[in-house]
Participant: 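This is the structure I have questions about; it appears just below.
Note that the coordinates shown come from a computational prediction; the quantities given were computed from them, not determined experimentally.
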Amino acid sequence: MDTKNPGPAHDAVDAITDQWAAVRPDLETAPMAVFGRIYRLAGAMRGKVDKAYAPYGLGLGEFDVLATLRRSGEPYTLSPRELTATLMITTGGMTGRLDKLERAGLLTRSPDPNDRRGLRVTLSERGGELVDLAVSAGLAEQRTALENALTDEEAAQLSGLLRKLLATSA
């Protein structure tokens, strides 16, 4: 196997599964080893990406809203309900994010012309420019993490395996 960085022979997750094996040898801890590493990796990368967004005045939550609008394509407009469904947060949480982003001039809210009770949220030009910079910074952190540990083939294989696992777990 051609690996850029094989990693430690024994890590913190191994220590945890070893402890379980000592006190409960009847347990099969292989799933714990896989998901423990996924959780730890997600947390570590979340922190790195959050730091990459910080120079743009964005946290992960604000970035997610702006990125969702940007990915939606022109005219970069969605309803609060569409945003809430995409980001899987409560309507209260969405309202707070929208308030903050609107005050910063990164998006606007306007009445929905097709629904008197509805609103449309639109990415501002400034918001689009900012999210484009932030997404590049976040991707650079992710790219560095992959390049420091995996070959391109290994990264593609890992992505496929995680896609398969996610599809059966959702």
Participant: Between atom CG of D132 and atom CZ of R70, what is the distance when rounded to the nearest 0.5 Å?
Facilitator: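 It is 4.0 Å, given to the nearest 0.5 Å.
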Participant: Check the pair D18, H10 against side-chain contact (heavy atoms from CB on, under 4.5 Å), reporting the backbone distance first and the verdict last.
Facilitator: CA-CA 10 Å; D18 289 350; H10 198 81; 2.7 Å; yes
Participant: Does atom CZ (R37) have a neighbourhood of more than 12 heavy atoms from anything else shown, all under 6.0 Å?
Facilitator: yes
Participant: Is the shortest distance from a Lys or Arg side-chain nitrogen in E62 or R97 to a carboxylate oxygen in the other one below 4.0 Å?
Facilitator: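 Result for this pair is no, no salt bridge flagged.
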Participant: Roughly how far, to the nearest 0.5 Å, is CD1 of I89 from OG1 of T86?
Facilitator: 10.5 Å
Participant: How many angstroms lie between atom OG1 of T122 and atom OH of Y76, to the nearest 0.5 angstrom?
Facilitator: 12.0 Å
Participant: Are L119 and L69 in one and the same hydrophobic cluster, where Ile, Leu, Val, Met, Phe, Trp and Tyr link if side-chain heavy atoms are under 4.5 Å apart?
Facilitator: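 The answer is no; the residues belong to distinct hydrophobic clusters.
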Participant: Using the rule that Ile, Leu, Val, Met, Phe, Trp and Tyr join whenever any side-chain heavy atoms are under 4.5 Å apart, tell me whether L158 and Y39 fall into a single cluster.
Facilitator: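 Same hydrophobic cluster.
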Participant: Rounded to the nearest 0.5 Å, how far does CD of Q157 lie from CG of L162?
Facilitator: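 Answer rounded to 0.5 Å: 10.5 Å.
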Participant: According to a hydrophobic-cluster definition based on side-chain heavy atoms being under 4.5 Å apart (Ile, Leu, Val, Met, Phe, Trp, Tyr only), do M45 and L161 belong together?
Facilitator: no
Participant: Main chain of P80, side chain of T84: is a donor-acceptor contact present, judged purely on distance under 3.5 Å?
Facilitator: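 Flag set: sc T84 to bb P80 pair under 3.5 Å.
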Participant: Which pair of non-hydrogen atoms, one from R40 and one from A12, has the smallest distance, and what is that distance?
Facilitator: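 Heavy atoms of R40 and A12 come nearest at NH1-CB, 3.6 Å.
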Participant: Would you say T77 and V121 make side-chain contact, with heavy atoms under 4.5 Å?
Facilitator: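 Not in contact.
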Participant: Any non-hydrogen side-chain atom of F63 less than 4.5 Å from a side-chain atom of L66?
Facilitator: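 No; the side chains remain at least 4.5 Å from each other.
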Participant: So how far is it from L83 CG to T68 OG1, rounded to the nearest 0.5 Å?
Facilitator: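 Between atom CG of L83 and atom OG1 of T68 there are 6.5 Å.
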Participant: Using 4.0 Å as the upper bound for N to carboxylate O, is an ion pair formed by E82 and R120?
Facilitator: yes
Participant: Decide whether W20 and V34 are clustered together by the hydrophobic rule: side chain heavy atoms of Ile, Leu, Val, Met, Phe, Trp, Tyr closer than 4.5 Å, transitively.
Facilitator: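 No.
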Participant: Are T17 and T29 close enough that a side-chain donor and a side-chain acceptor fall under 3.5 Å?
Facilitator: no
Participant: Below 4.0 angstrom, N of the basic side chain to O of the carboxylate: do R81 and D115 qualify?
Facilitator: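 Looking at R81 and D115, the cut-off is not met.
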Participant: Between E28 and P31, what is the shortest heavy-atom contact and its length?
Facilitator: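 Looks like O-CD, 3.6 Å.
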Participant: Under a single-linkage definition using a 4.5 Å side-chain heavy-atom cutoff for Ile, Leu, Val, Met, Phe, Trp and Tyr, are L165 and L41 assigned to the same hydrophobic cluster?
Facilitator: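 In one cluster with L165: L41, no.
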Participant: Pick one: which of L123, L58, L101 meets side-chain contact (heavy atoms from CB on, under 4.5 Å) with L130?
Facilitator: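 It is L58; the other options fail the test.
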Participant: Would you give the length of the straight line joining atom CG of L78 to atom CZ of R71, rounded to the nearest 0.5 angstrom?
Facilitator: 9.5 Å
Participant: Looking at L139, L146, T144, which one forms a side-chain contact (heavy atoms from CB on, under 4.5 Å) with Q142?
Facilitator: L139
